[in-house]
Structure formats: C-alpha cells, structure tokens
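All heavy atoms count here, side chains included; hydrogens, waters and symmetry mates do not. Residue indices begin at 1 and follow the sequence shown. We count ligands from 1, going down the list as the structure has it; atoms in each ligand are counted the same way.
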Amino acid sequence: MSLGTTGLNDTITKEFLLGKFSEVFGDSDGARVFFAPGRVNLIGEHTDYNGGHVFPCALNLGTYAACRLRNDSLIRLYSMNFEKDGVIEVDVLTDLKNSKEYKWANYPLGIVYTFKMHGFNIDRGLDILFFGDIPNGSGLSSSASIEVLTGFVLSSLFGLNVSKKELALFGQESENKFNGMNCGIMDQFASAFGKKDHAIFLDTATLEYEYVPVNLKNAKIVIANTKVKHELTTSAYNDRRRESETALKDLQAVTDIKSLGELDEESFNRYSKAIKDEVCFRRARHAVTENLRTIEAVKALNADDLETFGKLMNGSHRSLDLDYEVTCKELNIMVESELQVEGVIGARMTGGGFGGCTVALVKNEAVDKVCSEAGKRYEELSGIKPEFYVIEVGDGPSEL
Ligand code: GLA
C-alpha cells in the first residue's frame, strides 16, 4: 500500500519545469513559473449551488505552469500529463471556442475566452507548459486548479490585477459556459483563496468567508483514492442541480426564500410537503441538512471537538448516499472500511462523487492502520488497489 503524498511535488522545481519548457518550446528565456492548488472539501457537499456553506481547504498538490508571452496571437499549450496530445495551437483572435480537438486544453482556453468576454484585452498569445500532480480523476479539483492557474497567469503576464474573487468566478463561469459543467463556486474559490493550515468556511449565497485554523494536534486528514471515476459524472451532476432547483421552485410557492440554504430543519419540515416529487424532496433534504451539518462542524472544529466533527462527516456521507445518491459502491466500501479501523474519527466521500476520493479524520496512531487495513479490505471487496495521501493544507496561487 502506498502512503504519503503523491510523492511528486517534492521533486517539482522551477528548474525542472523550465527545463521541460525549453525542450518543448526551444528555450526558456524570460519564462515564468506559477502554481495553483487543488482542494479537498472537509464537509458541505453539493451545497454550493444551493446557497449553503462549504468547508474546503487547498492542497499542496495542484497544477504548475511555465509560460511566456509571444509576439503573435498564438497560444501554444502543452501538458506533461497528456504528452501524447503534443502542442495544441490556437489563435486567440480567431479560434477561441470549445472544440473536441483541443482536448484538455479546453480548460485553460475557456479562461482566456472568459477574460476576453469580461473586457480584458488578451491580444497576444503565449507558450505555456502545464504539469499537474493531482492524481488523475481523483475529484481533488484538477480542473479548478488549472482554471485558477490560467487566470493567475493571464493576470500576471498581462498585468491585469485580477482579484482572487474574480479568479474564482471566472473559473466557475468558464467551467459552466465553456465546458458545460454546471459546477458551483467551491472548487475555484478554494483554489484561489487557499491558505496554509486553514480551511475556508464559505457562505456560497454571499461569498463571505472565514479562515478556520486546521491545527489538528492528535489527528491527520487522510484522503483515500478509490481509483474509480464513473462516466456519468457531468450529466448526473447537472441532473442533481436541476432536481434541487425544482424542489426550490416548489418551496417558493409556499415560502419566501431565494435558496435552500436559507432553511433550517424546522422550516424545511414545515414547508417540504410542497415538494411534489419524492426524488426532489430527498435532494432538498440533503441540501438543507448538509448545510446545517457544515455550520455545526465548523463550530465543533473551533471548539477542538473532533469527535463531533467526525460524526457530522459520517452523517454527511449517509445523506450523500441515501438522499443525494452521488456515492457509488467503491466510495461506500472505502468509507465503511475506514470506519472499521479504530482511531478513525469520521469519513466521507469528498467532491462531486461517483468515484474519486474519500476524506477521513484519523488519530495519529491509526494512520498506518487505515492505510493497511482499510486498504486491504477495500481491495478485497472491490478488486482495486487504492491509494492513500496524508495531506497538508496549502496556500493559493503563487509564482515560484
Ligand atoms: C464538484 C463541483 C463543486 C461542488 C462539488 C460538490 O466538485 O465542482 O462546485 O458542487 O462537486 O460539493
């Protein structure tokens, strides 16, 4: 079993990336290197497009870019994660549209497009080499990290002074409109606002946020990668979003609310008969209870009450499984396997669901055991060898 970070980010240096940049683009004169992180969400899942709270933190894993402006209008993009795709070349003045042939590059290109839509004058191209150390398809927001990174690169190279909030909002807009995934704001916000050793308690209705120290003296945050990614992710995600909106519309016929995040349990119980469809009712119940769990969890963390935090994580997973139906067999096996290990305080799926990772709060002395025992049980029941990462909470975007 592997334990640790992906092990890659210790070896990623500016020199290494500039060396690769030279190999691909001829030389590295004047090139600069930037980084933006991925995220893990501790609690508050599928609440960010329902006006609720989320509680993510940035990772010290993410995406790097070595880049330099060009004197013409070509963007030439290369990813060390998709070397087979070679250099993808696009004219920023004439060819900026989502296209199958641009493959992974639709993510950074969407940001260039979104900047232009917001009136920023991106009239020159650039050479840009990406490298990501977030495990592929793990649900730790590699797409948000490349979006925020590209925004940060454009802001830095063109001297645009784009704020963190705009970086997050442009990232979300690009993902929604350019790439067709109706995600909420959480991932891009976590990447843009990341702060070392802190999680971000964000109210997605107002974008007000608070940094909460994650000083776990006796415990660690352990991510387990189930190594599965089920195909229906985007369409099922967009379905969940629609079902939540249908529930909201039904509720708005009987109470004056703008989002599900405004309801507490009592008001939900009072009005929920208005939700006509049983599935939409359960989606709304998750959005409401998950928001309340998130608020409680932050209170518990501030009071150093990890036991309560862990119970809320377990409740979150159950609700995501039964009411929101975004877990899958492998995520459930992993969470159950982790919870069987003594010293695991709480465990849940993290991110959009349908595969990807779980996040667990684990007492220091049980970390190795989780990896070996839960890992073994998971492998026996699913036939897949998982990976475990003990994470550190990192900062937002930076230049190396
Ligand atoms: C994905 C989306 C986020 C959020 C989570 C679920 O990661 O990108 O906006 O909705 O799923 O909490």
Pairing of Asp305 and Lys311 as salt bridge, 4.0 angstrom limit: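 Salt bridge absent between Asp305 and Lys311.
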When you look at Asn179 and Asn98, which way does the side-chain hydrogen bond (donor to acceptor under 3.5 Å, both in side chains) test go after all the steps? CA-CA 7 Å; Asn179 283 301; Asn98 182 296; 3.1 Å; yes
Considering only Ile, Leu, Val, Met, Phe, Trp and Tyr, and joining two whenever side-chain heavy atoms are under 4.5 Å apart, list the other residues clustered with Tyr271.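 Leu248, Leu251, Val254, Ile257, Leu260, Leu263, Phe268, Ile275, Phe281, Val288, Leu292, all in the cluster of Tyr271.
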Taking transitive links into account, so neighbours of neighbours count too, which hydrophobic residues share a cluster with Ile200 at under 4.5 Å side-chain distance?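 Val54, Leu169, Ile185, Met186, Phe189, Phe193, Leu202, Leu207, Tyr209, Tyr211, all in the cluster of Ile200.
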Which salt bridge (charged side-chain N to carboxylate O under 4.0 Å, His left out) pairs, counting each pair once, include a residue from residues 96-122, with sequence neighbours left out?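 Of all non-adjacent pairs touching residues 96-122, those that pass salt bridge (charged side-chain N to carboxylate O under 4.0 Å, His left out) are Asp85-Lys103.
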Residue contacts for ligand 1, heavy atom to ligand atom, distance under 4.0 Å: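 Near ligand 1, by chain and number: Arg39, Glu45, His46, Asp48, Tyr49, Cys183, Gly184, Met186, Asp187, Tyr237, Gly351, Gly352.
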Do the rings of Phe120 and Phe170 sit parallel, tilted or perpendicular, given the 30° and 60° boundaries?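 Ring orientation, 0 to 90° scale: perpendicular.
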